[in-house]
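Residue indices begin at 1 and follow the sequence shown. Side chains included, hydrogens not; waters and symmetry mates left out as well; all remaining heavy atoms used.
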Amino acid sequence: MVRAIGRYLDHLAVERGLAAHTLQAYRRDLQRYASALAPRGITDIEQVSTQDVANFLAGLREGDGEHPPLAASSAGRAVVAVRGLHAFALAEGLTGADPARVIRPPAPPRRLPKAISVEEVERLLAASGTGSPAALRDRALLELLYGTGARISEAVSLDVDDMDLPDEHGEPGPSQAASPVPATVRLNGKGGKQRLVPVGSFAAAAVAAYLVRGRPAQAAAAAGGQPSPALFLNARGGRLTRQGAWGALRAAAARAGLPQVSPHVLRHSFATHLLDGGADVRVVQELLGHASVTTTQIYTLVTVDRLREVYAAAHPRALR
């Protein structure tokens, strides 16, 4: 069982190119799976039955002395990992059957993404501050998160060369000569997939201001005079971490009186505001880097709710 799990994780890392965070989650889930089977004497993947997989799923939902009960979404991810393991073992000839094929992950409750209004976004961005190198960086970071719909991991992994901004005369950069889009950013998404996303004028201006007036001072603080190629730097000249970016957002949100804002809220707001403005869901899918349009379609439910609110408030015969 342990060898099969190791081979499967290697397959996911090398051939499927799964992100490091996803691999860590799969490793934890499969280690828990192996630990649940071992007390029953199941140490070989060929010994596993469909009932064993079903019992594991039930145990995830009920919890035990070592683990609390898992929500449907977390239990579902673990079952997906187990199903993938057994499908891989069958394809590789490690076993003659797939006992997990008929087991379905629990359906998580459908939750609408949280989004804040345009006015609240403007308050948040205004509260990020200006003046100091850190304040210029934070403004550029938040403008870019909302202006592109980037994940927080995508934003902090950006290098300066990933941005294509207009030059100081307002002309397009070298790769934009034939494009009307004034600025773009190359985002590295899940599974190593890259996408090119347009950058609006507000975000482009904020990034340009940070590159000119903020980043050089932070880069000068790098140990050994070797600054990171990262777009967003910390006070020591190294790459800004996810935790550092979270801290910048939390501080700005607190100043704006918006304590519940997270990086994903900005991403949800980006998508929702695009759809409210008439953008096609397929375009939003490409901008967000979703592999399937089904993932993106949940945002259309948000806009339908908004349409209902407007209809109820505006139509003379909407309500008695």
Side-chain angles (χ1 to χ4, degrees), residues 1-111 113 151-154 157 188-193 241-243 246 262-264 267 288-292 294-296 298:
M1 178 66 74
V2 172
R3 285 195 298 272
I5 290 173
R7 286 182 60 176
Y8 178 52
L9 292 172
D10 288 342
H11 163 75
L12 293 177
V14 176
E15 298 185 34
R16 296 275 301 280
L18 259 64
H21 293 293
T22 306
L23 279 173
Q24 289 173 4
Y26 271 45
R27 181 174 286 107
R28 287 194 301 269
D29 292 335
L30 293 174
Q31 286 172 346
R32 181 171 176 176
Y33 181 53
S35 298
L37 295 175
R40 297 202 294 273
I42 301 172
T43 58
D44 192 297
I45 196 165
E46 239 180 335
Q47 298 174 283
V48 181
S49 69
T50 297
Q51 188 59 51
D52 292 322
V53 182
N55 290 340
F56 175 66
L57 172 58
L60 293 175
R61 300 291 279 138
E62 295 169 2
D64 53 36
E66 297 181 12
H67 304 95
L70 291 184
S73 57
S74 298
R77 185 199 64 211
V79 172
V80 167
V82 170
R83 282 167 53 87
L85 168 67
H86 283 286
F88 171 79
L90 178 63
E92 293 292 306
L94 302 179
T95 184
D98 181 355
R101 183 175 58 85
V102 297
I103 303 297
R104 293 289 178 265
R110 194 164 197 181
R111 296 190 186 128
R151 302 175 178 91
I152 189 71
S153 57
E154 294 171 342
S157 68
N188 294 291
K190 292 183 177 181
K193 295 179 181 177
T241 63
R242 284 164 54 106
Q243 292 80 3
W246 257 96
S262 70
H264 240 63
R267 181 169 161 86
L288 291 174
H290 286 160
S292 169
T294 304
T295 309
T296 316
I298 191 171

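Evaluation of the salt bridge (Lys or Arg N to Asp or Glu O under 4.0 Å) rule for Arg151 yields Glu154 as partners, not counting sequence neighbours. Partners of Arg32 under the side chain to side chain donor-acceptor pair (under 3.5 Å) rule, at least two apart in sequence or in another chain, do not exist in this structure. With sequence neighbours excluded, the residues that form a side-chain contact (heavy atoms from CB on, under 4.5 Å) with Ala13 are Leu23. For His264, the ring-ring contact (aromatic ring centres under 6.0 Å, His included) criterion is met by His268, not counting sequence neighbours. Take Ala19 and apply the side-chain contact (heavy atoms from CB on, under 4.5 Å) test, not counting sequence neighbours, and it matches Thr22. When the side-chain contact (heavy atoms from CB on, under 4.5 Å) test is applied to Glu62, the partners found at least two apart in sequence or on another chain are Ala58. Residues that satisfy the side chain to side chain donor-acceptor pair (under 3.5 Å) test with Asn188, not counting sequence neighbours, are Gln194. Under the side chain to side chain donor-acceptor pair (under 3.5 Å) criterion, His21 pairs with no residue, sequence neighbours left out. Take Tyr26 and apply the ring-ring contact (aromatic ring centres under 6.0 Å, His included) test, not counting sequence neighbours, and it matches no residue.
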Distance-only donor-acceptor pairs under 3.5 Å for side chains of residues 38-52, two or more places apart:
{"residue": "Asp44", "atom": "OD1", "partner": "Glu46", "partner atom": "N", "Å": "2.8"}
{"residue": "Gln47", "atom": "OE1", "partner": "Thr43", "partner atom": "N", "Å": "3.0"}
{"residue": "Gln47", "atom": "OE1", "partner": "Asp44", "partner atom": "N", "Å": "2.9"}
{"residue": "Ser49", "atom": "OG", "partner": "Gln51", "partner atom": "N", "Å": "3.4"}
{"residue": "Ser49", "atom": "OG", "partner": "Asp52", "partner atom": "N", "Å": "3.2"}
{"residue": "Ser49", "atom": "OG", "partner": "Asp52", "partner atom": "OD2", "Å": "3.0"}
{"residue": "Thr50", "atom": "OG1", "partner": "Pro99", "partner atom": "O", "Å": "2.9"}
{"residue": "Gln51", "atom": "NE2", "partner": "Asn55", "partner atom": "OD1", "Å": "2.9"}
{"residue": "Asp52", "atom": "OD2", "partner": "Ser49", "partner atom": "N", "Å": "2.9"}

Return all side-chain donor-acceptor pairs below 3.5 angstrom for residues 82-93, not counting sequence neighbours, or 'none' if the list is empty.
{"residue": "Arg83", "atom": "NH1", "partner": "Ala100", "partner atom": "O", "Å": "3.3"}
{"residue": "Arg83", "atom": "NH1", "partner": "Arg101", "partner atom": "O", "Å": "2.9"}
{"residue": "Arg83", "atom": "NH1", "partner": "Ile103", "partner atom": "O", "Å": "2.7"}
{"residue": "His86", "atom": "NE2", "partner": "Tyr33", "partner atom": "OH", "Å": "2.8"}
{"residue": "Glu92", "atom": "OE1", "partner": "Arg7", "partner atom": "NH2", "Å": "3.2"}

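Across all non-hydrogen atoms, the minimal contact from Ala34 to Met1 is CB-CG, 3.9 Å. Shown here for Tyr8 and Ala81, the closest heavy-atom pair between the two residues is CE2-O, 3.7 Å.
Between atom CD of residue Gln243 and atom CD1 of residue Ile152 there is a gap of 10.0 Å, rounded to the nearest 0.5 Å.
Between the side chain of Arg77 and the main chain of Asp29, no donor-acceptor pair closer than 3.5 Å is present.
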